[in-house]
There are 2 protein chains.
Amino acid sequence: MEDIDRKIVALLMRDGRMSYTDLGKSTGLSTSAVHQRVRRLEERGVIRGYAVVVDHEAVGLPLTAFISIKPIDPSQPDDSPDRLSGIPEIEACYSVAGDESYILKVRVGRPADLEDLLARIRSSANVTTRTTIVLSTPYENRPMTA
Amino acid sequence: MEDIDRKIVALLMRDGRMSYTDLGKSTGLSTSAVHQRVRRLEERGVIRGYAVVVDHEAVGLPLTAFISIKPIDPSQPDDSPDRLSGIPEIEACYSVAGDESYILKVRVGRPADLEDLLARIRSSANVTTRTTIVLSTPYENRPMTA
DNA sequence: ATCTTCCTGTCGATGTCCTCCACGGGTGCA
DNA sequence: TGCACCCGTGGAGGACATCGACAGGAAGAT
């Protein structure tokens with residue numbers, strides 16, 4: 001990927017609503033040229049989409065946790081991501097190396113909701129869980145540097 | 001927060017570049033009304049900003065890992081987030097309950113870069129590290145449901 | 001009950017920006 | 001040289017954001 005594309009992506013990570021006009025000014029290109037480049041980045045899948053960045057406390061989901069899961073019966077086929085994809089509290093699912101097989105990032109409103117969520121996860125995926133509560137988030141989703 | 005604000009936020013999590021006109025159609029409000037609500041959400045800090053969603057493999061950072069850190073000397077003041085904030089590979093930093101004090105999410109290009117990054121983290125923050133390599137990411141940053 | 005105030009909506013006007021099209025200058029190659 | 005391709009510029013139109021003026025409803029004070 002070219003240097004100028006990298007710069008465009010970095011700018012859009014900081015402000016995903018930046019206008020093509022301003023992107024052009026920041027990169028030394030014309031509006032149309034930037035537009036074309038962004039379109040190409042979207043087509044190639046480099047840019048997957050645009051999203052709003054939300055304060056989770058403000059939307060009523062102040063409690064974040066990481067849940068590591070391990071299958072109870074390792075001989076069974078492992079389709080945990082599919083089984084869990086219907087649970088909306090799960091924001092992310094990572095397949096990881098190590099003792100456990102997946103790490104889930106979840107957001108709920110209260111501790112009681114977490115308890116309920118854990119029960120659903122265990123029964124849906126037939127796994128044991130290990131939960132790490134997030135106390136605070138110094139930073140998250142930081143943009144790439146140019 | 002009201003129900004209609006929740007809906008607006010959910011829509012913007014799916015498409016952060018959705019026009020106010022379309023937001024209005026989807027919520028049954030006029031363009032201006034939606035515009036005002038979004039502005040209020042931004043002022044209140046519910047909407048923190050807008051960002052592009054990037055394919056990390058495509059931008060040359062295919063290797064993701066979680067690094068749990070623990071201070072070597074627990075009697076020292078714990079300012080790890082500040083000490084580490086200058087390291088661009090660190091995408092997120094969570095303060096967590098449990099044996100370790102922070103979990104970092106990092107992205108690098110190659111295993112060798114991870115080795116180098118770990119050395120920088122250990123020396124910058126005076127901590128021990130435990131690294132969990134991400135093999136694949138079934139999903140990530142999923143939008144809230146309505 | 002009436003008035004005031006605040007909140008939140010609609011409507012309309014204006015300026016900006018997105019979007020598309022035609023065109024031009026490099027570069028690689030037969 | 002001539003051709004094809006890529007990637008840039010510039011301009012025109014239409015859509016969209018943005019702002020101001022105004023209306024209606026809820027809550028509180030007199």
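Letters go in sequence order (proteins before strands), and every chain restarts at 1.
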Participant: If I take atom NE2 in residue A:His35 and atom P in nucleotide D:dG13, what distance separates them, rounded to the nearest angstrom?
Facilitator: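 The answer, rounded to whole Å, is 19 Å.
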Participant: Counting only N and O atoms by type, is there a donor-acceptor contact under 3.5 Å from the side chain of B:Arg142 to the main-chain atoms of A:Ser85?
Facilitator: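 It does hold such a pair.
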Participant: Distance check needed: D:dC7 P versus A:Leu29 CG, whole Å only.
Facilitator: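 The distance from CG of A:Leu29 to P of D:dC7 comes to 12 Å, rounded to the nearest Å.
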Participant: So is B:Arg130 actually on top of B:Tyr102's ring, under 6.0 Å and inside 45° of the axis?
Facilitator: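 Ring-cation test returns no.
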Participant: Would you indicate, yes or no, if C:dC17 has its OP1 or OP2 atom less than 4.0 angstrom from a side-chain nitrogen or oxygen of A:Thr31?
Facilitator: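 False: A:Thr31 side-chain N/O out of range (4.0 Å or more) of C:dC17 OP1/OP2.
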Participant: A:Met18 has an atom CE; how far is it from atom P of C:dT16, in whole Å?
Facilitator: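 Going from A:Met18 (CE) to C:dT16 (P), I get 18 Å.
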Participant: Taking donor-acceptor contacts at under 3.5 Å, does the side chain of B:Ser30 reach the base of C:dC11?
Facilitator: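 No pair found.
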Participant: Could you please name the option among C:dT10, C:dC18, D:dT9 that lies closest to any side-chain atom of A:Ser19?
Facilitator: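 Per side-chain heavy atoms of A:Ser19, the pick is C:dC18.
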Participant: Is it true that A:Arg48 and B:Glu57 make a salt bridge, defined as a side-chain N closer than 4.0 Å to a carboxylate O?
Facilitator: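 The answer is no: the pair does not qualify as a salt bridge.
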Participant: Within this structure, what is the CD-to-P distance between A:Gln36 and C:dT19, rounded to whole angstrom?
Facilitator: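 My rounded result for the distance is 13 Å.
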Participant: Does a salt bridge link B:Arg44 with B:Asp5, judged by any charged N lying under 4.0 Å from a carboxylate O?
Facilitator: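 Salt bridge: yes.
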Participant: Indicate whether OP1 or OP2 belonging to D:dG8 is found under 4.0 Å from a side-chain N or O atom of A:Arg37.
Facilitator: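 Answer is yes, contact under 4.0 Å.
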Participant: Give the rounded distance in Å between these two atoms: CG of B:Asp5 and P of C:dC7.
Facilitator: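 Answer to the nearest Å: 15 Å.
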Participant: Using atom CD1 of B:Ile8 as one end and atom C1' of C:dG9 as the other, report the distance to the nearest whole Å.
Facilitator: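 Between C1' of C:dG9 and CD1 of B:Ile8: 13 Å.
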Participant: Taking atom C1' of D:dC6 as reference, at what distance in whole Å does atom CD1 of A:Ile4 sit?
Facilitator: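 Rounding to the nearest Å, CD1 of A:Ile4 and C1' of D:dC6 are 15 Å apart.
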Participant: Roughly, in whole Å, what's the span from OH in B:Tyr20 to P in C:dG9?
Facilitator: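 For the pair B:Tyr20 OH and C:dG9 P, the rounded distance is 15 Å.
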Participant: Can a donor-acceptor pair under 3.5 Å be found between the side-chain atoms of B:Ser32 and the base atoms of C:dC11?
Facilitator: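 Result: at least one qualifying N/O pair found.
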Participant: Quick test of your reading of the model: are B:Lys70 and B:Glu100 salt-bridged, counting only N-O distances below 4.0 Å?
Facilitator: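 No, B:Lys70 and B:Glu100 are not salt-bridged.
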Participant: For C:dT8, does either OP1 or OP2 sit under 4.0 Å from a side-chain N or O belonging to B:Arg40?
Facilitator: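 The answer is yes; a side-chain N or O of B:Arg40 sits under 4.0 Å from OP1 or OP2.
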